[in-house]
Amino acid sequence: MDNNSPLFQIKGVKEGLLISLGEGDWPMVQGALLAHIESNTSFFQGARIALDVSNRVFHAAELGLLRDELSERGVSLWAIISNSPTTEETARLLGLATRLSVPKPDRIVKSMDTALGGEEAIFVNRTLRSGFRIEYAGHVVVIGDVNPGAEIVAGGSVMVWGRLRGVVHAGAEGDESAVVCALSLEPTQLRIATLIAVDTKQKGKHHPEIALIKNGRVVAEQWNY
Amino acid sequence: MAATVITITSGKGGVGKTTTTANLAVALAAGGQKVVCIDADIGLRNLDVVLGLENRIVYDIVDIVEGRCRLRQAMIRDKRLAELYLIPAAQTRDKSSVSPSDMVRVCDDLREEFDWIMIDSPAGIERGFRNAIAPADIVLVVTNPEVSAVRDADRIIGLIEAEEKGPAQLILNRVNPEMVRRGDMLAPEDVLELLAINLIGIIPEDEAVMVATNRGQPVALDGKSRAGKAFQNIARRLKGEEVAMDELEEKPDLLHRLSRVFRSGG
């Protein structure tokens with residue numbers, strides 16, 4: 001079986017099959033990929049595929065369509081590996097993984113070390129609805145609300161320009177200097193490093209607040225920067 | 001004619017998707033529009049029951065998709081409204097018997113002949129939901145003023161956005177105006193503040209709905225009940241008419257209106 005067409009390459013990895021896309025416009029590559037799967041049904045039946053799209057940028061509809069086309073052929077798409085943060089975000093919205101395996105802790109520390117003089121942050125310009133989860137080694141900035149049922153896990157601090165009502169964990173790698181701030185701080189649960197704050201919901205009060213660790217406890221204060 | 005495909009969905013079960021689909025279809029058809037309903041809840045069909053058409057099913061959507069019948073043969077014509085048709089779900093199969101692209105194909109075949117194609121989505125966020133929204137031009141999300149239903153609505157609205165089928169529009173079902181006034185029920189404003197999408201209608205809690213559903217005679221058929229009237233209002237809004245959002249107001253008798261004028265004027 002020829003697994004190395006110039007349009008894509010297929011190899012077996014611990015987690016299943018990894019398909020790396022080559023050059024060529026997307027409809028052609030997708031067509032060739034689906035045709036290849038159809039002509040090797042027995043090989044692909046029940047396969048789990050991670051797709052390495054390198055620098056290509058995908059819209060949600062394109063990824064959704066690909067996932068459906070694959071699932072009709074008995075193949076499940078579980079991860080998109082991409083160099084583009086936009087495509088990674090899109091993949092996460094569709095519930096797909098964006099890493100082959102969980103990143104090792106040393107890699108996270110390293111990426112934060114190199115971020116001196118302009119710390120790394122991810123900027124999320126939308127409301128996070130129930131079921132969405134953002135996990136990032138640096139800081140997370142959201143313009144929009146974080147609704148109940150949504151989750152943010154950040155290595156650094158979390159700042160929400162909106163109402164924070166979901167679950168938030170800042171300093172998830174143990175950084176006790178991390179803070180959480182929001183225009184209205186009413187999280188379902190708030191964690192900083194290893195500490196958990198409960199009873200942070202304050203109904204009716206809508207003023208900006210910042211949560212941080214003071215004397216070994218998580219406290220919320222008026223946000224006066 | 002080029003139909004608009006409307007998918008009615010919710011995430012949570014039991015909030016009134018099927019009742020809403022049936023009533024909006026009836027209200028549109030009663031206004032002279034050509035409407036076909038598709039029950040996408042394969043394995044748990046009940047749109048046929050609510051419409052009172054269950055004893056006339058011969059073929060279903062899976063028969064169409066698998067080529068056992070022509071599209072026309074599976075379309076059941078309503079006894080009361082000449083312009084209303086139903087394509088029922090299969091009861092003995094599951095969601096995987098139909099794919100999102102099958103749904104798009106079936107809807108494309110129907111578009112020329114109808115004004116509206118109404119798809120009743122199953123509960124959940126899996127294959128059945130994706131089947132139901134794949135062909136949608138407009139997605140209506142039904143929810144109740146309950147925290148759990150609103151949470152699921154929020155989730156489903158996010159998924160609709162991710163599938164680039166948004167922005168969805170909201171129907172708030174089973175609102176009890178008296179309980180809202182007492183502060184014992186989430187108010188429409190609270191729900192809208194969280195979900196942040198356009199509200200297309202509020203259906204007041206109404207015993208007439210349950211009675212009508214059990215009889216297979218949707219309340220929107222006569223529009224005498226409050227809920228029936230509210231469904232008719234949504235149908236008019238779908239057609240682009242401006243209809244005031246006054247479903248929760250008391251019966252508009254003169255005395256009440258006067259007292260409101262005095263209160264707000266005082």
Side-chain angles (χ1 to χ4, degrees), chain A residues 30 34 46 58-77 80 86-96 124-134 142-151 162-167 183-184 186 188 201 203-204 206, chain B residues 10-12 65-66 94-105 124-137 139 141 143 146-168 170 183 186-187 189-197:
Chain A
Q30 176 174 255
L34 294 176
F58 282 90
H59 296 292
E62 291 172 319
L63 285 185
L65 186 67
L66 176 66
R67 181 194 55 195
D68 291 338
E69 293 280 356
L70 289 171
S71 93
E72 277 167 36
R73 290 162 178 80
V75 173
S76 78
L77 178 68
I80 294 287
T86 317
T87 303
E88 284 194 331
E89 176 73 4
T90 307
R92 275 194 292 267
L93 288 179
L94 288 170
L96 299 169
V124 184
N125 191 14
R126 60 181 297 154
T127 287
L128 297 182
R129 295 185 181 276
S130 174
F132 287 180
R133 178 182 161 95
I134 295 223
V142 179
I143 293 208
D145 294 342
V146 178
N147 285 355
E151 257 181 72
R163 290 180 77 164
L164 170 49
R165 290 185 277 189
V167 170
L183 292 188
S184 181
E186 315 146 69
T188 313
K201 275 190 193 174
K203 287 211 166 141
H206 297 305
Chain B
S10 70
K12 189 173 182 296
V65 165
E66 294 181 351
D94 64 43
K95 313 288 188 248
S96 62
S97 354
V98 172
S99 74
S101 45
D102 290 332
M103 290 296 289
V104 172
R105 231 175 356 254
I125 55 174
E126 295 85 16
R127 177 67 169 268
F129 161 72
R130 295 218 307 272
N131 284 344
I133 65 160
D137 300 316
V139 182
V141 172
T143 193
E146 288 165 29
V147 174
S148 56
V150 173
R151 182 78 58 96
D152 289 359
D154 190 41
R155 173 97 167 105
I156 214 91
I157 292 165
L159 292 172
I160 292 161
E161 284 169 359
E163 302 274 351
E164 296 183 346
K165 290 288 180 183
L170 188 70
L186 279 175
E189 310 71 269
D190 300 335
V191 178
L192 285 176
E193 195 271 332
L194 181 82
L195 298 180
I197 59 171

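Chain letters run A, B, ... following the sequence lines, proteins first and then strands; every chain starts at 1. Nothing here was measured: the structure is a model prediction, and the numbers come from that model. Values reported hereafter were calculated over all heavy atoms of this structure, with side chains retained and with hydrogens, waters and symmetry mates removed.
- Counting heavy-atom pairs under 4.5 Å between each of Leu93(A), Asn147(A), Leu94(A) and chain B puts Asn147(A) at the top.
- The contact between Arg67(A) and chain B is made entirely by side chain atoms (from C-beta outward), counting heavy-atom distances below 4.5 Å.
- Note on Asp154(B) versus Arg151(B): no salt bridge recorded, every NZ/NE/NH1/NH2 to OD/OE distance being 4.0 Å or above.
- Remark: Asp190(B) engages no residue in a side-chain hydrogen bond (donor to acceptor under 3.5 Å, both in side chains) (not counting sequence neighbours).
- Residues Pro135(B) and Lys165(B) approach most closely at C-NZ, 4.2 Å, considering heavy atoms.
- Neither the backbone nor the side chain of Thr127(A) comes within contact range of chain B; no heavy atom of the residue lies under 4.5 Å from a heavy atom of that chain.
- Considering only residues two or more places apart in sequence or on other chains, Glu161(B) meets the salt bridge (Lys or Arg N to Asp or Glu O under 4.0 Å) condition with Arg126(A), Arg129(A).
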